[in-house]
**Q** 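Below is the structure I would like to discuss, written out as structure tokens.
Note that the structure is a prediction, hence the values are computed from the model and not measured.
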Amino acid sequence: MKRIKTAAVFLMALSMLVCAACSKGGNAEDINVGGNWNRPLTFVCIFAAGGDTDYNGRLLAKYLEKEIGQNIICTNVTGGNGAVALTQYKDMKPDNCTFLVACSSTLGGNYASGMMDFSYEAYDPVAIFGCSSGETILVAADSPYKTLEDLVTASQENPGKIIFGSSTGGASYLASYSVLCSKYNAKFGLVDGSGGAERLTALLGGHVDVTNTALMNCKDYIDTGVLRPIATLTSNSPAAYPDIATACSVYPEMIQDNYYVLLALKGTSPDTIEAMNKAIANVVNGNEQYREEYKKTNLQDAMVMSVAETDEELKKETEHYLKLADIMKEQ
């Protein structure tokens, strides 16, 4: 027990030393000519270890270390669907070596729902470095509904009889249900299905007729023919499942692209941000091993956006979730 306590104290002290080293920096002096950092960087994931955002942040960091020639320390600050970390770091002095790993649905959803009183603009966007496997609308394999149109039409003919298992925990989770009902006159019955695993259990047990969850969560059930995907909320069909129809092809406002995002503390040197974006692009576009690992997990092809493209996309996502928040108040 004494050894464990000693080790914990040592790790805490090491973490404090790293943070202190970073805070001594400032502006462009923290990167050498050519964008090479001269000290370790820190990636703070706003979710717990083991989730898809954390996994993708750590995967990027592993290959990025080789690209920039510097260690990247990955850590997690959890709580409030990411709001705890985003609030904690919002007003921290920029040091050019601290970055946050987040996702666009949380940045937009938390702000739209009122969980946070600030948007992504409280930070400096660095890069969107990937797109999640995507929210997928599912039914049981023996369901009579073959397409999303079939499902919506049946709900209109039988108001309240077709049960949609969703999560009432935030804007990003209720998106599909709310848009279908408000914009396209679907008449589902709603059941709060809690988390993704619980919603799948409810669908498998016949307690709900339809649900939505991330494709990576239900891949095995699809592959074994137990569940059938009838639509994805991503703007394009997943690379690994090109036959899954896009909801937006029939219902244009049914789009929910959830991107992985790297943010810098507000006021970080523009040179630092551009250098990091360039390094990420080199990994995403040029490292085949990274690309293979990424696609295996996310079921999508690796992708990256420039700083300007990232800012524009996050602005669009924020506006999208603000509209969803208004829609959900009607439900």
Side-chain angles (χ1 to χ4, degrees), residues 45 47-60 62 81 103-106 129-148 150-151 162-167 169-170 172-177 180 188 191-249 254-260 289-303:
C45 180
F47 299 112
D52 61 319
T53 303
D54 174 76
Y55 171 85
N56 280 282
R58 290 176 186 272
L59 177 65
L60 177 64
K62 180 175 72 171
N81 192 36
C103 63
S104 60
S105 64
T106 291
F129 63 91
C131 184
S132 77
S133 60
E135 284 290 305
T136 303
I137 300 177
L138 301 153
V139 296
D142 59 356
S143 170
Y145 314 117
K146 306 297 184 183
T147 67
L148 186 56
D150 290 343
L151 189 68
I162 298 175
I163 306 302
F164 198 120
S166 188
S167 172
S172 60
Y173 301 112
L174 266 175
S176 53
Y177 173 83
L180 281 175
F188 297 114
V191 171
D192 183 3
S194 190
E198 290 83 359
R199 296 199 299 275
L200 284 175
T201 298
L203 182 59
L204 291 167
H207 304 295
V208 300
D209 301 299
V210 56
T211 193
N212 62 288
T213 189
L215 178 58
M216 62 188 298
N217 294 337
C218 56
K219 176 181 181 298
D220 291 343
Y221 294 112
I222 293 174
D223 290 345
T224 55
V226 177
L227 298 179
R228 183 170 67 247
I230 58 174
T232 175
L233 297 186
T234 53
S235 52
N236 297 295
S237 299
Y241 291 86
D243 293 334
I244 298 180
T246 59
C248 64
S249 64
M254 288 285 291
I255 297 179
Q256 190 179 349
D257 287 320
N258 184 25
Y259 295 104
Y260 302 113
Q289 189 173 354
Y290 168 85
R291 294 176 65 82
E292 289 176 9
E293 285 194 54
Y294 177 89
K295 185 173 181 178
K296 182 178 180 181
T297 299
N298 296 293
L299 312 175
Q300 300 274 21
D301 290 327
M303 53 83 71

**Q** Return the orientation label for the Phe164 and Tyr177 ring planes: parallel under 30°, perpendicular over 60°, tilted otherwise.
**A**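 Taking Tyr177 first and then Phe164, their aromatic rings stand perpendicular (interplane angle over 60°).
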
**Q** Does any non-hydrogen side-chain atom of Leu180 lie less than 4.5 Å from one of Leu148?
**A**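 Yes, close enough: below the 4.5 Å cut-off.
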
**Q** Using 0.5 Å steps for rounding, measure from the OG1 atom of Thr234 to the CD atom of Glu135.
**A**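 Output value for this atom pair is 10.0 Å.
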
**Q** Between Ser133 (side chain) and Leu299 (backbone), is there a donor-acceptor pair under 3.5 Å?
**A**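 Looks like no, no N/O pair under 3.5 Å.
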
**Q** Please give me the minimum heavy-atom distance between Cys248 and Ser235, naming the atom from each residue.
**A**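 Smallest interatomic distance, heavy atoms only, reads SG-O, 4.0 Å.
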
**Q** Return the CG to CG distance between Leu204 and Leu227, rounded to the nearest 0.5 Å.
**A**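 Taking CG in Leu204 and CG in Leu227, the distance rounds to 5.0 Å.
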
**Q** Answer yes or no: is there a side-chain heavy-atom contact under 4.5 Å between Leu233 and Met254?
**A**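 Counting from C-beta outward, Leu233 and Met254 do come under 4.5 Å.
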
**Q** With the side chain counted from C-beta on, respond yes when Phe188 and Asp209 share a heavy-atom pair under 4.5 Å apart, and no when they do not.
**A**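 Not touching, per the 4.5 Å side-chain cut-off.
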
**Q** How many angstroms lie between SG in Cys131 and CG in Asn298, if you round to the nearest 0.5 Å?
**A**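 Reported value, rounded in 0.5 Å steps: 8.5 Å.
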
**Q** List the steps and the verdict of side-chain contact (heavy atoms from CB on, under 4.5 Å) for Thr232 and Thr246.
**A** CA-CA 5 Å; Thr232 175; Thr246 59; 4.0 Å; yes

**Q** Among Ile163, Leu151, Leu203, which one satisfies side-chain contact (heavy atoms from CB on, under 4.5 Å) with Val210?
**A**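 Going through the options one by one, the only one that passes is Leu151.
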
**Q** Calculate, to the nearest 0.5 Å, the distance between atoms CD and CG belonging to Gln300 and Leu215 respectively.
**A**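 Those atoms lie 8.0 Å apart.
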
**Q** Could you give the distance from CD (Glu198) to NE2 (His207), rounded to the nearest 0.5 Å?
**A**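 NE2 of His207 is found 12.5 Å from CD of Glu198.
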
**Q** Determine whether a donor-acceptor pair (N or O, by modelled atom type, separation under 3.5 Å) exists between the side chain of Asn258 and the backbone of Ser132.
**A**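 No; zero donor-acceptor contacts below 3.5 Å.
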
**Q** Could you tell me the separation between the CG atom of Leu138 and the CD1 atom of Ile222, rounded to the nearest 0.5 Å?
**A**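 That separation rounds to 5.5 Å.
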
**Q** If you count every heavy atom of other residues, nucleotides or ligands that lies below 6.0 Å from Tyr221 atom OH, does the total exceed 12?
**A**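 At most 12 heavy atoms, drawn from other residues, nucleotides or ligands, come within 6.0 Å of this atom.
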
**Q** Just wondering, do Ser104 and Asp257 contact through their side chains at under 4.5 Å, heavy atoms?
**A**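 In short, these two side chains do not touch, never coming nearer than 4.5 Å.
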
**Q** If you take all heavy atoms of Ala239 and Lys295, which pair is closest and at what distance?
**A**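 Minimum heavy-atom contact is CB-CE, 4.1 Å.
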
**Q** For the residue pair Asp52 and Tyr260, confirm or rule out a side-chain donor-acceptor distance under 3.5 Å.
**A**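 Yes, side-chain donor-acceptor contact under 3.5 Å.
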
**Q** Taking only residues two or more places apart in sequence, or in another chain, which ones meet Ser143 in a side-chain contact (heavy atoms from CB on, under 4.5 Å)?
**A**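 For Ser143 the side-chain contact (heavy atoms from CB on, under 4.5 Å) partners, ignoring immediate neighbours, are Val139, Tyr145, Arg228.
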
**Q** Looking at every non-hydrogen atom in both residues, tell me the closest pair between Met303 and Tyr259 and how far apart they are.
**A**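 Shortest heavy-atom contact: CE-CE2, 3.9 Å.
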
